[in-house]
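Here the structure comes first, spelled out in structure tokens, and everything after it is commentary.
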There are 2 protein chains.
Amino acid sequence: MEIGQRAGSGRKRMSRAEREQQILGIAEEVFAERGYQAAAMDDIAQRVGLSKPMLYEYFGSKEGLLLACLERAKRELLECTSAAAAHAESPEQLLHDGLLAFFRFGEDHKQSWALLRNESAVPGMELDTELEGIRRQQVGFTSDMLRMSLPETDEYRLEAFAEAIIGACERMALWRENHPEVTPETATEHLMALIGPSLSGEARSFS
Amino acid sequence: MEIGQRAGSGRKRMSRAEREQQILGIAEEVFAERGYQAAAMDDIAQRVGLSKPMLYEYFGSKEGLLLACLERAKRELLECTSAAAAHAESPEQLLHDGLLAFFRFGEDHKQSWALLRNESAVPGMELDTELEGIRRQQVGFTSDMLRMSLPETDEYRLEAFAEAIIGACERMALWRENHPEVTPETATEHLMALIGPSLSGEARSFS
DNA sequence: GCAAGTAACCTACTCGTAGTAACCTACTGA
DNA sequence: TCAGTAGGTTACTACGAGTAGGTTACTTGC
């Protein structure tokens, strides 16, 4: 069957961990700039300077590769926001700093953000366990911040609030893309104006 | 080249408009149950009882077909919410009724909702003009509701609030899928508790 | 009633890309 | 020095989006 075999001759061999990180970086780049569908595995492999089957060896499938990228990006985002909120001095400022860090993340890590904003472009089930775990962490982290402001509130409502706030953030981040004049500071200020009042004082009940 | 040609013999011919609606219905079904990627044009065509090229004749591409489905679903959603809000008697109730209608939509139109919740699964640019137009309408409609509660507020902030609230709704609707015990009424109550306070009285400013 | 025109529809392809089988080679350590 | 293995390859298959080019059935003017 005449199989040629000179291709890898001059190339550098890397350890699994090294390659994994290198691939993730390049894949994030390609996914971010072309979108999930249009990004071809062959293309990614070529940019890495490797052949396609290696990508499958490392990540199992195209979806698996995307998932790994998303996971890394999400973790980064979570780290940014929680780090920023670490030195807050009041519950209110805690939330404020977290929001601000979130909006700044989009500007400081354009590539990761481009990936995350299209997250749902992942094809089949987004019920990936690993990813869901990080999502839970986000919600948990947000709930924790809220608990400072609303100590008497039941957990269920806290979680609902957390989901709502995360959703609001995501959508506002998207909105900001069409309105470059809206700075992270302004966006944060708007959001604080919307949800701030309910956090200072008892949340009222409408039934 | 021996081209066969008995396939359409017993089938009904339909006018363009008729077929279009029929195709949209079935495509929505297939997209909703399998997701965008996994849905095959051949499969949709077969269920319609038509051959694939006709789908391309009518909608240009797979993405075009999805877009048409989304458009219809979004219009339905907008109609539901605006109809529900029509008989409200106070600004507060206006918002309440709109939110409630939104959450109920997910239960009453499961199929359309399944489509909308995966909206971003549309591959390339989601900058489709038609779709963007409907999105603007949603934001506009929400802004209008808010304007009743916050007559003195500048338009920019109203739009920001609208985007944030829509985002919060979407995310809470997703959250509800993992928590079937949360009724539309409860979800609405949570959201009203979160954003209600800032709508009654002057929105404060954090700087 | 019968062309001529057109709207609706078909079969049979091409082509790109995800994923796989089967094989190779450089480095490691006993 | 050579067995074992981690890292790598080429050359496929499978499948689905999109297309070229032809056919059937309905409509309309004469």
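Naming: A, B, ... by sequence-line order, numbering from 1 per chain.
- If you measure from atom CD of A/Glu63 to atom C1' of C/dG19, you get 14 Å, rounded to the nearest angstrom.
- A cation-pi geometry, defined here as NZ or CZ lying under 6.0 Å from the six-membered ring centre and within 45° of its normal, holds between A/Arg16 and A/Tyr58.
- Residues that satisfy the side-chain contact (heavy atoms from CB on, under 4.5 Å) test with A/Asp108, not counting sequence neighbours, are A/Arg104.
- Judged as a salt bridge (charged side-chain N to carboxylate O under 4.0 Å, His left out), and not counting sequence neighbours, the contacts of A/Arg72 are A/Glu28.
- With rounding to whole Å, B/Gln22 atom CD is found 14 Å from C/dC9 atom C1'.
- The salt bridge (charged side-chain N to carboxylate O under 4.0 Å, His left out) test applied to A/Arg47 returns A/Glu29, A/Glu33, not counting sequence neighbours.
- When the C1' atoms of four end pairs are superposed on the next four at each end of the helix from C/dG1-D/dC30 to C/dA30-D/dT1, using five pairs per end, the two resulting axes differ in direction by 0°, to 10°.
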Considering only nitrogen or oxygen atoms on both sides, find all protein atoms under 3.5 Å from nucleotides 14-18 of chain C and state each distance.
from   : atom 1 : to      : atom 2 : distance (Å)
C/dA18 : OP1    : A/Ala39 : O      : 3.4
C/dA18 : OP1    : A/Lys62 : NZ     : 3.1
C/dA18 : OP2    : A/Met41 : N      : 2.8
C/dA18 : N7     : A/Lys52 : NZ     : 3.2

Restricting to nitrogen or oxygen on both sides, can you table the protein-nucleotides 6-8 of chain C pairs closer than 3.5 Å?
from  : atom 1 : to      : atom 2 : distance (Å)
C/dA8 : OP1    : B/Arg16 : N      : 3.0
C/dA8 : N3     : B/Arg13 : NH2    : 3.3

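- A/Glu79 is linked by a side-chain contact (heavy atoms from CB on, under 4.5 Å) to A/Arg75, counting only residues two or more places apart in sequence or in another chain.
- Remark: B/Arg147 engages B/Ser143, B/Asp144, B/Glu155, B/Leu158 in a side-chain contact (heavy atoms from CB on, under 4.5 Å) (not counting sequence neighbours).
- For the side chain to side chain donor-acceptor pair (under 3.5 Å) test, residues two or more places apart in sequence or in another chain that qualify with B/Arg176 are B/Glu107.
- In this structure B/Lys74 satisfies the side chain to side chain donor-acceptor pair (under 3.5 Å) test together with B/Glu119, sequence neighbours excluded.
- With rounding to whole Å, B/Leu50 atom CG is found 17 Å from D/dT24 atom P.
- Residues that satisfy the side-chain contact (heavy atoms from CB on, under 4.5 Å) test with A/Ile195, not counting sequence neighbours, are A/Leu95, A/Ile165, B/Leu194.
- Among residues two or more places apart in sequence or in another chain, the ring pair (Phe, Tyr, Trp, His ring centres under 6.0 Å) test is passed with A/His109 by A/Phe105.
- Separating the CD atom of A/Glu57 from the P atom of D/dG7 is a distance of 9 Å, rounded to the nearest angstrom.
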